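The structure under discussion appears below in the form of structure tokens.
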Amino acid sequence: MTETDPIPGAGAGGDTSVGVGLVGAGAIGAFHGESLAWRVLGARLAGVADPAPGAAEGLAARLGCARATTDPAELLADPSVQAVVIAAPARFHADLVVAAGAGTAMFCEKPVTALRPKPTASQATSA
């Protein structure tokens, strides 16, 4: 891949940006969303998911992102999402890492989980 080659799976029309989904529209999610939308070269905020009614829609609208949902699984299944930032509350991290699946590029806020058994499943998924 060269600088002019599209990234595999990137948007149509030779778009070389990486579509990043954001799970969690709270304070930390908003910080990461702003970074993806405005500061990270080569990244494109592809969608925002948060189960709280109106949270994803509000953040997505503020950041100029057309996709918002209350269902993280819907966002993770979107083919325009090539990577994911997990910024939901810590108690959901492990399940979201597993839901994102092996081979998915992801950034997960710490901790992955407060429970001992869960990181094993998360680590197995990302291996």
Side-chain angles (χ1 to χ4, degrees):
M1 180 167 65
T2 67
E3 286 184 35
T4 58
D5 291 335
I7 295 170
D15 179 4
T16 58
S17 63
V18 175
V20 183
L22 174 65
V23 179
I28 297 297
F31 172 80
H32 289 300
E34 290 169 2
S35 294
L36 292 166
W38 301 330
R39 298 182 195 98
V40 179
L41 288 175
R44 172 180 38 82
L45 185 59
V48 180
D50 193 299
E57 292 83 358
L59 182 60
R62 185 166 67 84
L63 300 178
C65 178
R67 179 155 177 83
T69 180
T70 56
D71 184 2
E74 185 181 310
L75 181 66
L76 295 171
D78 184 334
S80 72
V81 174
Q82 299 142 309
V84 65
V85 171
I86 298 172
R91 67 185 178 275
F92 302 117
H93 287 180
D95 290 336
L96 289 166
V97 167
V98 171
T104 300
M106 70 180 83
F107 171 85
C108 181
E109 273 294 332
K110 62 184 184 219
V112 172
T113 186
L115 304 175
R116 269 286 204 232
K118 293 265 184 168
T120 304
S122 300
Q123 291 167 353
T125 300
S126 63

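The model shown is predicted, which means the values in this text are computed figures rather than measured ones. Any value given below was found using the heavy atoms of this structure, including those in side chains, with hydrogens, waters and symmetry copies removed.
- The minimum heavy-atom distance between Cys65 and Ala46, with the atom names listed, is SG-C, 3.8 Å.
- Between Arg67 and Leu75, the shortest heavy-atom contact is NE-CD1, 4.0 Å.
- A distance of 7.5 Å separates CG in Leu45 from CG in Leu59, rounded to the nearest 0.5 Å.
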(request) Could you give me the CA-CA distance, side-chain angles and deciding distance for Trp38 and Leu63, then say whether side chain to side chain contact (heavy atoms under 4.5 Å, CB included) is met? (result) CA-CA 8 Å; Trp38 301 330; Leu63 300 178; 3.5 Å; yes

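- Annotation for Ala43 and Ser17: closest pair C-CB, 4.3 Å, computed over non-hydrogen atoms.
- Partners of Leu76 under the side chain to side chain contact (heavy atoms under 4.5 Å, CB included) rule, at least two apart in sequence or in another chain, are Val84, Ala99, Ala100.
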Can you list, pair by pair, the side-chain donor-acceptor contacts under 3.5 Å of residues 21-29, counting residues two or more places apart and other chains?
none

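- Other residues, nucleotides and ligands contribute more than 12 heavy atoms inside 6.0 Å of the CZ atom of Phe107.
- Taking hydrophobic clusters as Ile, Leu, Val, Met, Phe, Trp and Tyr residues chained together by side-chain heavy-atom distances below 4.5 Å, Phe92 shares a cluster with Val81.
- Sorted by first and then second residue, the side chain to side chain donor-acceptor pair (under 3.5 Å) pairs involving residues 47-59 (not counting sequence neighbours) form an empty list.
- Taking the side chain to side chain contact (heavy atoms under 4.5 Å, CB included) definition, one finds that Pro53 meets it with nothing, sequence neighbours left out.
- Side-chain contact check for Thr69 and Asp71: no donor-acceptor pair (N or O, by modelled atom type) lies under 3.5 Å.
- Residues in residues 20-32 take part in these side chain to side chain donor-acceptor pair (under 3.5 Å) pairs, two or more places apart or across chains: His32-Glu109.
- For Thr70, the side-chain hydrogen bond (donor to acceptor under 3.5 Å, both in side chains) test picks out no residue, with sequence neighbours left out.
- When all heavy atoms of Arg62 and Ala30 are compared, the pair lying nearest together is NH2-CB, 3.7 Å.
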